[in-house]
Amino acid sequence: MSLAMFVQHLLNGVTLGSLYALIAIGYTMVYGILRLINFAHSEIFMLGAYFVFWGIVLLHLPWAVAMVVAVIVVGALGVLVDRIAYRPLRDAPRISALISAIGVSFFLQNLAIVVFSAIPREVYRPDWLENAIVVGDIRVLPLTLFVPVLSFLLMMGLVFIVYKTKPGLGMRAISKDIETSYAMGVPVNRVIAITFGIGSALAAASGIMWTLRYPQLQPVMGMIPGFKAFIAAVVGGIGSIQGAVIGGIGLGLIEIMAVAVFPDLAGYRDALAFILLIGILLVKPTGLLGEKLEDKV
Amino acid sequence: MDRKTKILLNVAAAAVLSLFLWWAQESFGGYRIQILNLIAINAILALSLNLIYGFTGMFSLGHAGFMAIGAYTCSILILPETQKEMLFILVSPYSWVQAAQAPFFLAVIGGGLVAAFAGLLVGIPLLRLGDDYLGIATLGFAEIIRVLANNIPRLTNGALGFKGIPDYANIWWNFGWFIITLYCIARIINSNLGNVFMAIRDDEAAAKAMGINIFRYKLLSFTIGAFFAGVGGALLASLLTTIDPKMFLFTLTFNVLMIVVTGGLGSLTGSVLASIGITILMEWLRFVESPIFIGSFELKGIPGMRMVVFSLALLFIILFRREGLMGMREFRWDWLFGKFSKRGSANGS
Amino acid sequence: MDRDMILEARDLTIKFGGLTAVHSFKARIGKGSIVGLIGPNGAGKTTCFNMMSGFYRPTEGRVIFNGRDITGMPPHLVCRAGIARTFQNIRLFGNGTVLQNVMVGCHVRQKSNWLHNLFYLPSNLREERAVAAKSLELLKVVGLESFADEKSRSLPYGAQRRLEIARALATEPNFLLLDEPAAGMNPQETNELMDFIRKIRTEFNLTILLIEHDMKVVMGVCEHMWVLDYGETIAEGPPESIRKNPRVIEAYLGEECVADA
Ligand SMILES: Nc1ncnc2c1ncn2[C@@H]1O[C@H](COP(=O)(O)OP(=O)(O)OP(=O)(O)O)[C@@H](O)[C@H]1O
Ligand SMILES: [Mg+2]
């Protein structure tokens, strides 16, 4: 592999990885607090992409504005999902909420088919993202710089919220011990709602950037990236935001590099993440950076 | 009511069912027969998932994987050699795939056995994981199976799949297998082994303290469940006569899960009733998705509407009636006859 | 102590991270005796049980049962070897009936497997019937036969504790570990419990080790006891000597002072 090729693969890997990481953050935050795999998260990701499309086509919003509006609307939608489908099940067995999440996921996905139809659609992309910058024999798409940089900024914003604001303190408290947080007067439901809002907004941002990279809208488009991002979160140690970022970027790099080095494996690309997941769970049942949960007798 | 009476009543119930099927075969059109067939297969799938999840407490999302294995195995065994030659147009099949042949009954058992073997293989490493990790790992297993089906064209004909699978799976086969499944799982559940599964579901630590090797019994339950999922997949392949990897998406598992949850986790009766209800509703709702013609005026169908309705139904159940239709209750003859015997160790419906 | 030993704990030590929950616990327990383990909250009593029943592997030390080293054996094999236990925070199979709970206990001694059951083998039918009958017998022993078909989680607290004991007896143990059997019982029930413990000892040929906070119960039924505090064995001996032991009094008084504060 030439250096030029390597740099390109590297950038592609980081781009894909940042998109996984943004989704993974939502999974990991919700799981850290509620011990719930939010299956609906992948549909949130998909809706983000669709809302931008609608903003541009129906409301004639400029691209950047449509993006911001979509992120906000989808964030609110995430809060709504929690309010309707998860909050009533806080005291139920954990699996009930999980089934509810699967239900919401299928509901949103099929609602999208009803409303948007299952036919894939082309997406608008600003030209400047497409015009390759050439440095020596290295060709770089601005896109592969834009996505990681924007993702990085969003993650920094998240770190600020989690470590420097009151709701962030609440989140960290709840993920340590929800009972005690209730007792200490943390507004638990509100903090959880904020968590869903932030996580969903990040997933929406990821969905939007995903369609810049893979410019096709489809109601089922969230499923595979969603699973993979969840796996990234597990591999990084679920509950840990740093872990989600490392896991996401790692997974993106592995996928791109594996196919670059072994082109024969291209057909197995979607299985790679699952194989990785099963492998890691076997060695460490709580993920790479996850904390050990003892079964006290 | 003693054991003999119950056995007689069960046999009588089976006889009534066959009379009904015979009558249905004579008087129903193809469409209704198809619905009956789907009911039987869905019931087989739901019973097997209920054994794994409802009775033993292992949250498995791998059913589509086992079904795929059963479906492909059975299809390879019953596809005539000439048909295979026509199907494999891009690559030639492995010689053993080309040569493999078996009568339908054995082919279905073969599908079940290969699925059970897969269940054993993945169960050994995965069943150590707790609820949601197990769920996501088994989901991963099903996805891997699907990717494999896409990528080993010499075995599965890749993305093209199989067409023209012989349609042996008539109502007699399907309901025959339904009865076998129900009998086996009810026998297990109503014996002390069933109590052991229930114990593992309710409290693993306490079950260990009772001398139960929980890993062994989890594996047993998982493998038996995988066997019947494979059988269901095999029958489905022959009923639909075409299969391809796209058919075995997560949606398929979701449908089975929905039936089990609707019927009640831990109720065989519930699974059977929900299979009937949901299969009929699903087919009935199909018309919403296809265009309707009134004279020359066309009402557009709404694709996706079916699943919207069903996911809403699932949400509704999990939010407002978590125990499903039957909770953990079962149909019992004693109950039907209004007598309450002193101890309920009756055979199921 | 001239009777045969049934269980011997040799310097059992267990650490959780930095915390030494139990340090060098030694005990030699004679066949057929009823002995006790006491100490303030968090002293390490339940942890000792967990090491003897295979739930925790001791960091150091050995557990010898009937002359056999069972250290680190998984719980189900420990049970098969003849040690049964109950749990401090009752752990029944909540969705099962009272009878089913006891039947699960019988399973470890059952011989036929699921295939026998599937093919309706007569030997299996006989065995299943015997299991149901034996379970019902055990329910009579603990006075719960009239609740056989109730859901176990609907039982009152005291009855749940007795059901846990019946379930443990169903595994046909030689050695029974009871973790706070009197917790949550009223004085009347507590008195009955003391007689009951003596009764099952003779009837089932048991050796019993119990953890109990209710001093009346421990002093009343135990022939010998160990006192733990912060994982250390601070005293050992028959009830009379324990009652007078200044270190024991201090450990308990210290706890009360903390509780009052
Ligand atoms: N699995 C574990 N991981 C970490 N610490 C543990 C674990 N099990 C027990 N401990 C600790 O060991 C110490 C002893 O606990 P243990 O439950 O044995 O006390 P106990 O004497 O039974 O008290 P109580 O009377 O309250 O039941 C406690 O500090 C407890 O927190
Ligand atoms: Mg204790």
Side-chain angles (χ1 to χ4, degrees), chain B residues 2-4 7 10 51 54-55 57 180-181 183-217 219-221 223-224 227 264-267 323 327-329 332 334 340-347, chain C residues 49-50 53-55 74-87 90-97 99-110 112-120 124-125 127-129 131-132 135-136 148-149 151-153 164 167-168 170-173 177:
Chain B
D2 66 5
R3 183 178 298 272
K4 290 235 170 63
I7 295 176
N10 286 337
L51 176 69
F55 287 98
I180 294 175
T181 310
Y183 167 81
C184 291
I185 295 183
R187 278 298 291 159
I188 290 172
I189 292 307
N190 289 313
S191 70
N192 203 20
L193 180 62
N195 296 336
V196 168
F197 286 166
M198 172 273 294
I200 293 173
R201 174 193 68 198
D202 283 2
D203 192 326
E204 286 194 9
K208 279 185 208 164
M210 292 298 103
I212 292 162
N213 181 349
I214 56 171
F215 177 70
R216 202 180 134 203
Y217 287 101
L219 197 58
L220 178 63
S221 165
T223 308
I224 297 175
F227 175 83
L265 289 164
S267 168
E323 72 279 15
M328 290 188 178
R329 281 161 301 164
R332 305 215 179 267
D334 310 322
F340 292 95
S341 71
K342 245 168 77 191
R343 273 182 296 115
S345 56
N347 213 338
Chain C
F49 266 32
N50 284 337
S53 55
F55 280 88
H76 67 271
L77 291 184
V78 174
C79 172
R80 189 174 285 271
I83 300 183
R85 69 171 290 175
T86 64
F87 293 90
I90 304 175
R91 303 187 80 141
L92 291 170
F93 309 122
N95 291 305
T97 64
L99 185 72
Q100 280 174 327
N101 266 271
V102 185
M103 287 173 73
V104 171
C106 297
H107 184 266
V108 64
R109 306 293 168 204
Q110 247 176 297
S112 59
N113 69 25
W114 62 286
L115 283 172
H116 301 157
N117 174 60
L118 219 51
F119 294 113
Y120 251 100
N124 174 258
L125 288 179
E127 196 181 57
E128 291 275 326
R129 263 200 295 271
V131 162
S135 303
L136 208 57
D149 289 332
K151 252 196 183 185
S152 66
R153 79 152 68 95
E164 255 209 340
R167 193 177 69 173
T171 66
E172 300 179 8
L177 300 166

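Within every chain, numbering begins at 1; the chains are lettered A, B, ... in the order of the sequence lines, protein sequences first and strands thereafter. Just so we're clear, the structure is a prediction, and the values are computed from it rather than from any experiment.
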Chemist: Please report the interatomic distance CG(B/Asn213) to CZ(C/Arg80), rounded to the nearest 0.5 Å.
Modeler: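 Those atoms lie 8.5 Å apart.
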
Chemist: Quick one: pull up CZ in B/Arg187 and CG in C/Leu115 and give me the separation to the nearest 0.5 Å.
Modeler: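 Reported to 0.5 Å precision, the distance equals 12.0 Å.
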
Chemist: Does any part of the side chain of C/Thr171, heavy atoms only, come nearer than 4.5 Å to the side chain of B/Met210, both counted from C-beta?
Modeler: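 They are in contact (side-chain heavy atoms under 4.5 Å apart), so the answer is yes.
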
Chemist: So, does B/Asn195 use its side chain to make a donor-acceptor pair with the main chain of C/Val104 at under 3.5 Å?
Modeler: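 Flag not set: sc B/Asn195 to bb C/Val104 has no pair under 3.5 Å.
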
Chemist: Starting at CG of B/Asp202, measure out to CZ of C/Arg153 and round the result to the nearest 0.5 Å.
Modeler: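 Rounded to the nearest 0.5 Å, the CG-CZ separation comes to 7.0 Å.
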
Chemist: Hey, are the side chains of B/Asp203 and C/Phe87 touching, using non-hydrogen atoms and a 4.5 Å cut-off?
Modeler: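 Answer no - side chains too far apart.
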
Chemist: Please report the closest heavy-atom contact between B/Ala205 and C/Phe55, naming both atoms and the distance.
Modeler: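 Heavy atoms only, the tightest pair is O-CZ, 3.3 Å.
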
Chemist: Please report the closest heavy-atom contact between B/Ala209 and C/Cys79, naming both atoms and the distance.
Modeler: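 Where B/Ala209 meets C/Cys79 most closely, the heavy atoms are O-SG, 3.4 Å.
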
Chemist: Which atoms of C/Asn124 are under 4.5 Å from chain B, going by heavy atoms: the side chain, the backbone, both sets, or neither?
Modeler: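 Contact with chain B: side chain only.
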
Chemist: Can you find a pair of side-chain heavy atoms, one from C/Val108 and one from B/Ile212, that are under 4.5 Å apart?
Modeler: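 They are not in side-chain contact.
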
Chemist: NE2/C/His107 to OG/B/Ser191 distance, rounded to the nearest 0.5 angstrom?
Modeler: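 Reported to 0.5 Å precision, the distance equals 7.5 Å.
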
Chemist: So which heavy atom on C/Val131 is nearest to which on B/Asn192, and how close?
Modeler: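 Scanning both residues completely, I find the closest heavy atoms to be CG1-ND2, 3.8 Å.
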
Chemist: Pick one of side chain, backbone, both or neither for B/Leu220, based on which atoms fall under 4.5 Å of a heavy atom in chain C.
Modeler: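 Only the side chain of B/Leu220 comes within 4.5 Å of chain C.
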
Chemist: B/Ile224 versus chain C, heavy atoms under 4.5 Å apart: side chain, backbone, both or neither?
Modeler: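 Contact with chain C is through the side chain of B/Ile224 alone.
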
Chemist: Pick one of side chain, backbone, both or neither for C/Glu127, based on which atoms fall under 4.5 Å of a heavy atom in chain B.
Modeler: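 Looking at C/Glu127, nothing touches chain B.
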
Chemist: For C/Arg167, which atoms come within 4.5 Å of any heavy atom of chain B: side chain, backbone, both, or neither?
Modeler: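 Backbone plus side chain of C/Arg167, per the 4.5 Å heavy-atom cut-off to chain B.
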
Chemist: Answer with side chain, backbone, both or neither: which region of C/Arg129 has an atom nearer than 4.5 Å to a non-hydrogen atom of chain B?
Modeler: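 When you check distances to chain B, only side chain atoms of C/Arg129 fall under 4.5 Å.
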
Chemist: Any chance you could measure B/Arg201, atom CZ, to C/Phe93, atom CZ, to the nearest 0.5 Å?
Modeler: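 With rounding to 0.5 Å, CZ (B/Arg201) is 11.0 Å from CZ (C/Phe93).
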
Chemist: With only heavy atoms counted, which part of C/Leu125 is less than 4.5 Å from chain B, the side chain, the backbone, both or neither?
Modeler: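 Side chain only.
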
Chemist: For C/His76 and B/Tyr217: C-alpha separation, side-chain torsions, deciding distance, then whether ring pair (Phe, Tyr, Trp, His ring centres under 6.0 Å) applies.
Modeler: CA-CA 12 Å; C/His76 67 271; B/Tyr217 287 101; 9.4 Å; no

Chemist: Do you know which of B/Ala207, B/Ala199, B/Gly266 has the most heavy-atom pairs with chain C at a distance under 4.5 angstrom?
Modeler: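 If we count pairs closer than 4.5 Å to chain C, B/Ala199 comes out on top.
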
Chemist: Does B/Arg216 have more than 12 heavy atoms from other residues, nucleotides or ligands lying within 6.0 Å of its CZ?
Modeler: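 No, the 6.0 Å shell around CZ holds no more than 12 heavy atoms from other groups.
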
